Number of protein chains: 2
Amino acid sequence: MGAVLQRDADRTRRALLDAAAAAIRAHGPGVSLDAVAREAGVSKGGLLHHFRTKDTLLVGMVEEWTARFDAAVQRHVDPDDDRPGRLCRAHIRAAFDDLGVDDQLWGHPSVLTALLAVPEVLHRARASEDRWRSDLGADGLHPQRSLLIARTLDGVWMSELLEGRVDHSERQQTRDLLLGLTEQTGPLLPGTTDARRDRS
Amino acid sequence: MGAVLQRDADRTRRALLDAAAAAIRAHGPGVSLDAVAREAGVSKGGLLHHFRTKDTLLVGMVEEWTARFDAAVQRHVDPDDDRPGRLCRAHIRAAFDDLGVDDQLWGHPSVLTALLAVPEVLHRARASEDRWRSDLGADGLHPQRSLLIARTLDGVWMSELLEGRVDHSERQQTRDLLLGLTEQTGPLLPGTTDARRDRS
DNA sequence: TTTAACCGACCGTCTGGACGGTATCTTGGA
DNA sequence: TCCAAGATACCGTCCAGACGGTCGGTTAAA
């Protein structure tokens, strides 16, 4: 038969995930399965075949999302860079260059809202966050730096999400600032020489 | 005027707002009005009397929340402090000392989720964010500092919300770090002397 | 008596998901 | 190569339950 199959489960599945994001943007976090199915050009029954419940669909969306982000970070790791903070830098670049809220289908408050409403999604998000926390912690930078950078990236993301618009100049400045902060390994503040401060 | 009224519209109204938060924590972002009313010890009709629609109730919740936060910041402004960054410091202290996710009725992912689902809530949040942005921008610190601090505060908040738990040691470190960053007014990175970088 | 606070039964609507069916693909035996 | 038969992808109707909000009524305050 032809290279283009009329039935391609994988393609349909991915189409449904994208359609879900689009439908949520259009109809808000409370989209109906009907709307998603319609957006994907599939019947409701077809949707339910791939995702047996609505929550399953939303969980599928986070999986897709985290997979994309992980891949983006890997893509941004500079092979010629072997200084401390290389993963941090890749993380920063991925966050700023690949996760633009502008054109991104997923970067929309409604999508976030819809996803966070599912407990299982929260679990996944937390697990992912834990992984990043430990990976970035072992990146060779002073804890003050990696901590500040990680939180700032979260903040930028959430801020852009809430604001709904992006100040490109500010965005660029923040990006450069964070990258600059990875270029030294010492503490950010004078007087605090090390993270180990237990005196008991 | 009797000290204790059997009918006290204000008290009921506030009880409903708290009950809404509690009910959302218990039943998820999609609570029914019935559940909220029950939690507040009021009939559904009573609830609808104070908040004519569900969205109105949620908008009421953000108003309450932002009012509390604004008041907290004002409370944390140190009258003896007239150095640059005093508002920033108050902001930091308010965020860390008055917005603990632990005991706070409102600091719960479900509550955030429920609120973000309402367009009007987003508008309010954005307006509030804009106010803070301009206030903090006029606080006398180098833009790199105020920008980083603001985004970090957002990130800490959202991170704790997602994580659901709080690492008190990390929290304390972040707090001290941010406060420390307000103690100098120069740029954070060497080489960047000023925010004005237009070269075109 | 008027008005505001509050009640609770009721209704129209919506939606998740079950289900029974159809079309297409795959497999393996001859 | 062909056929049978099971498996997989997809369809579209149907329904029970839930929920938001209306409304006529009731009780306390002014």
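Chain letters run A, B, ... following the sequence lines, proteins first and then strands; every chain starts at 1. Here the structure is a predicted model, which means the values were calculated and not measured.
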Just the rounded figure in Å: distance from P of dG16(C) to CG of Leu47(A). 10 Å
Rounded to the Å, how far apart are Phe51(B) CZ and dG20(D) P? 15 Å
Rounded to the Å, how far apart are Arg52(A) CZ and dA9(D) C1'? 15 Å
Let me have the donor-acceptor pairs involving side chains of residues 44-62 of chain A, under 3.5 Å, with sequence neighbours excluded, atom names and distances please.
{"residue": "Thr53(A)", "atom": "OG1", "partner": "Asp55(A)", "partner atom": "N", "Å": "3.0"}
{"residue": "Lys54(A)", "atom": "NZ", "partner": "Val31(A)", "partner atom": "O", "Å": "2.7"}

Identify the two heavy atoms, one from Phe96(A) and one from Arg171(A), that lie closest to each other, and give their separation to 0.1 Å. O-NH2, 2.6 Å
Under-3.5 Å N/O pairs linking protein and nucleotides 12-19 of chain D:
{"residue": "dG12(D)", "atom": "N7", "partner": "Gly45(A)", "partner atom": "N", "Å": "3.3"}

Does Thr12(A) place a side-chain N or O at less than 4.0 Å from the phosphate oxygens OP1/OP2 of dC10(D)? yes
ILVMFWY cluster, Leu147(A) and Leu181(B) together (side-chain gap under 4.5 Å): no
Phosphate oxygens OP1/OP2 of dA5(C): is one of them under 4.0 Å from a side-chain N or O of His50(B)? no
Taking atom C1' of dC10(D) as reference, at what distance in whole Å does atom CZ of Arg38(A) sit? 17 Å
Is it the case that the side chain of Asp81(A) and the backbone of Arg83(A) share a donor-acceptor pair, with hydrogens and angles ignored and the cut-off at 3.5 Å? yes
Euclidean distance, atom NE2 of residue His49(A) to atom P of dG17(C) [Å, nearest integer]: 17 Å
Using atom CG of Asp55(B) as one end and atom C1' of dG21(D) as the other, report the distance to the nearest whole Å. 12 Å
